[in-house]
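Below is one structure, written out as structure tokens; the observations come after it.
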Number of protein chains: 2
Amino acid sequence: MTPQTRKKPERRTSPLSRERIVDAAIGLLDTAGESGLTFRSLSERLATGPGAIYWHVAGKSELLAAATDRVVTIALTEGTAGPPGGIHDVALGLFDAIEEHPWLAPQLTTQLSHNPTGPVTTRIFEATGRQVSALDAPASSWFTATSALMHYILGAAGQNAANLALARDLGPEADRSAYMDTVAGAWKQLSPEDYPFTRAVADQGLEHDDRVQFLAGIDLIVAGVTARPPAAQQLREGRARAAEAEPPASGRTSPR
Amino acid sequence: MTPQTRKKPERRTSPLSRERIVDAAIGLLDTAGESGLTFRSLSERLATGPGAIYWHVAGKSELLAAATDRVVTIALTEGTAGPPGGIHDVALGLFDAIEEHPWLAPQLTTQLSHNPTGPVTTRIFEATGRQVSALDAPASSWFTATSALMHYILGAAGQNAANLALARDLGPEADRSAYMDTVAGAWKQLSPEDYPFTRAVADQGLEHDDRVQFLAGIDLIVAGVTARPPAAQQLREGRARAAEAEPPASGRTSPR
DNA sequence: CCGTCGCTGGAATGTCGTTCCATGAACGAG
DNA sequence: CTCGTTCATGGAACGACATTCCAGCGACGG
């Protein structure tokens, strides 16, 4: 599968390399979107044929995985400078990476699902969890806290990137503020009977600064991690509630 | 586009209807996976040709949106029975729906991104937020809390569904417990220097009950929503921290 | 000087979403 | 009862895609 004899990388000067292919793929994804990455367009950009690419890359999914891995690794390693506010650094690093590469969010959820033990997933989990373990919280809550943070970061950052893309569609000079007002306006049109909450939120206005909004969510989860006294007890309560929430039907996987 | 004259639904007895098409699509997705839904396979199952389907449905994306909407609506309306533990009901309703329909998780993130004001997104936001507003928390934190919960629910439930699918690949009799042990085993193989946190989490063992694990995350976020005293102040701190976290480079969208 | 092997790129294959069109079934008008 | 119009059907055709195949290239070891 993989080219075995990569022993001396300087055998030639301008060959097609896996790195060059991944670079071109990232550029194509950034400029033309997810659907813009084609083996044809990639061939054209690299001035070669589709067949040549397959010598270095197994297929499209592996190419996407490699591109995702590259971008995530960069985003995670460059932001680890400042000593305080560790979680904010990791979160904003991913937030900015997803904003620059909107295709990243769907790709990351795909990686999470199809390959949970893969390098991308593990890297994000490790980077997030390391900041969690620096918090004042019992180790028994680490996994739960890291999961919550990771899913929020990925989901909210993806949402933000999507909002930006839609804001651009709204008009050339429209920024996120204008788009958020559009969303709030759409929410106010909803039926008061069926959507009281959404209308109430729209009435009080949506935060216009994306990073402030994003970090507010991070801080909210962090508050949940640190502020609660008995973490182990909480988990026991959760177990009891889960059992109680499933009274009669259907033998699922859980009722151990 | 849409068939206007749907006035009298009983004009004929066994016609191709949008409902029948969506039903068949859901069945196909459940049994054959995301890639199993094809207009050809759908035609075959409905004993017709591809062209006929396009009379009722605009295209594949609309078909997927309709299928997603159907499943989400059912999941959200049936679990709204019990009076207490409202968030758990909503969360478990979505959790179970995603577990039964593993294709739902990717579809939901797609809906969230491509159509944030669409019915699916709004429905989930409303259902989640209604339970948030019942909590003891200031209204200014509602949006943030609802976002955090929604992204966690979708992400964690999708992760769980993916784990189940991978556990089935592990062997016919393997359940989630066996798979979680496999993951923990893989994590223990990681480099102690690069992945100290992940190894530490693996050492203390992973919760085997999926619902308990899931609800622990819900409770953690809920604790963050309720337990912190000054929500408005927190947001102001977040704004200050955001400004401080971006000292030198690159004019982004936020630094207003 | 020649054969081999890593590597290339263009052609070919099969499947997909989508469009087109010839046909049929119901129904109101004459 | 008959005909034209409308709604609806389904099979065939089209273009784009990922992937595979294969005939060749160039450099290096013999």
Side-chain angles (χ1 to χ4, degrees), chain A residues 1-25 28-29 31-68 103 106-107 110 114, chain B residues 1-25 28-29 31-68 103 106-107 110 114:
Chain A
M1 293 291 168
T2 47
Q4 315 91 319
T5 55
R6 186 68 53 83
K7 36 199 172 182
K8 291 161 188 173
E10 309 84 0
R11 256 181 52 171
R12 272 191 256 165
T13 53
S14 76
L16 209 52
S17 73
R18 185 185 168 94
E19 189 184 8
R20 271 162 48 76
I21 293 175
V22 173
D23 280 343
L28 227 37
L29 285 167
T31 59
E34 307 190 52
S35 60
L37 177 62
T38 325
F39 271 80
R40 290 197 214 304
S41 62
L42 200 55
S43 305
E44 196 177 348
R45 178 179 266 235
L46 292 168
T48 179
I53 299 176
Y54 277 86
W55 179 255
H56 301 274
V57 171
K60 190 168 190 180
S61 57
E62 189 191 297
L63 180 57
L64 283 169
T68 305
W103 49 272
Q107 270 313 305
T110 301
H114 289 15
Chain B
M1 290 291 165
T2 46
Q4 316 91 316
T5 56
R6 186 68 56 79
K7 35 198 172 180
K8 289 162 189 173
E10 308 85 359
R11 255 183 49 168
R12 273 191 254 162
T13 53
S14 76
L16 209 51
S17 73
R18 187 186 167 93
E19 189 184 7
R20 270 163 48 77
I21 293 175
V22 172
D23 279 343
L28 226 36
L29 285 167
T31 58
E34 307 188 51
S35 59
L37 177 63
T38 321
F39 271 81
R40 285 170 164 74
S41 62
L42 200 55
S43 306
E44 198 176 348
R45 177 180 270 234
L46 292 167
T48 179
I53 299 177
Y54 276 85
W55 179 256
H56 301 273
V57 172
K60 190 168 190 180
S61 57
E62 189 190 297
L63 180 58
L64 284 169
T68 305
W103 49 273
Q107 269 313 304
T110 301
H114 289 18

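Naming: A, B, ... by sequence-line order, numbering from 1 per chain.
Put simply, CD on B/E62 is 11 Å from P on C/dT18, counting in whole angstrom units. Atoms CD1 (B/I21) and C1' (D/dG10) sit 13 Å apart, rounded to a whole Å. In this structure, A/W55 places its CH2 atom 19 Å from P of D/dC25, rounding to the nearest Å. We find that CG of B/L64 is positioned 12 Å from C1' of C/dG17, with the value rounded to whole Å. The separation between A/L16 atom CG and D/dG26 atom C1' is 16 Å, rounded to whole Å. The distance between atom CZ of B/R18 and atom P of D/dA8, rounded to the nearest whole Å, is 14 Å. The interatomic distance linking B/K60 (NZ) with C/dT18 (P) rounds to 8 Å, in whole Å. Distance A/I53 CD1 to D/dC17 P: 13 Å, rounded to the nearest Å.
Closest approach of A/A52 and A/T48 over heavy atoms only: CB-OG1, 3.2 Å. Here the shortest heavy-atom pairing between B/S41 and B/G36 reads OG-O, 3.2 Å. Contact record, A/L29 with A/E34: CD2-CA, 3.9 Å, taken as the closest heavy-atom pair.
Between the B/S43 side chain and the B/F39 main chain, a donor and an acceptor come within less than 3.5 Å of each other.
The only option from B/L64, B/T68, B/L63 that meets the side chain to side chain contact (heavy atoms under 4.5 Å, CB included) definition with B/V22 turns out to be B/L63.
Of the candidates C/dT8, C/dT18, C/dA11, C/dT18 carries the atom nearest the B/Y54 side chain, counting heavy atoms from C-beta on. Of the candidate nucleotides C/dT18, D/dT9, C/dG10, C/dG10 has the atom lying nearest to any side-chain atom of A/P50.
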A/R18 and A/E62: CA distance, side-chain angles, deciding distance, side chain to side chain contact (heavy atoms under 4.5 Å, CB included) verdict = CA-CA 11 Å; A/R18 185 185 168 94; A/E62 189 191 297; 2.6 Å; yes
Worked check of side chain to side chain contact (heavy atoms under 4.5 Å, CB included) between A/L46 and A/L42 = CA-CA 6 Å; A/L46 292 168; A/L42 200 55; 4.1 Å; yes
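Two end axes, each from the C1' atoms of five base pairs, can be drawn for the helix from C/dC1-D/dG30 to C/dG30-D/dC1; they diverge by 20°, to 10 degrees.
Within residues 35-44 of chain B, the residues approaching DNA chain C are B/L37, B/T38, B/F39, B/R40, by heavy-atom distance under 4.0 Å.
Mapping B/G51 and A/A52 onto DNA chain C by nearest heavy atom places A/A52 at the nucleotide closer to the 5' end.
Residues that satisfy the side chain to side chain contact (heavy atoms under 4.5 Å, CB included) test with A/E44, not counting sequence neighbours, are absent from this structure.
Considering CG of B/D23 and CZ of B/R45, their distance stands at 10.0 Å, rounded to 0.5 Å.
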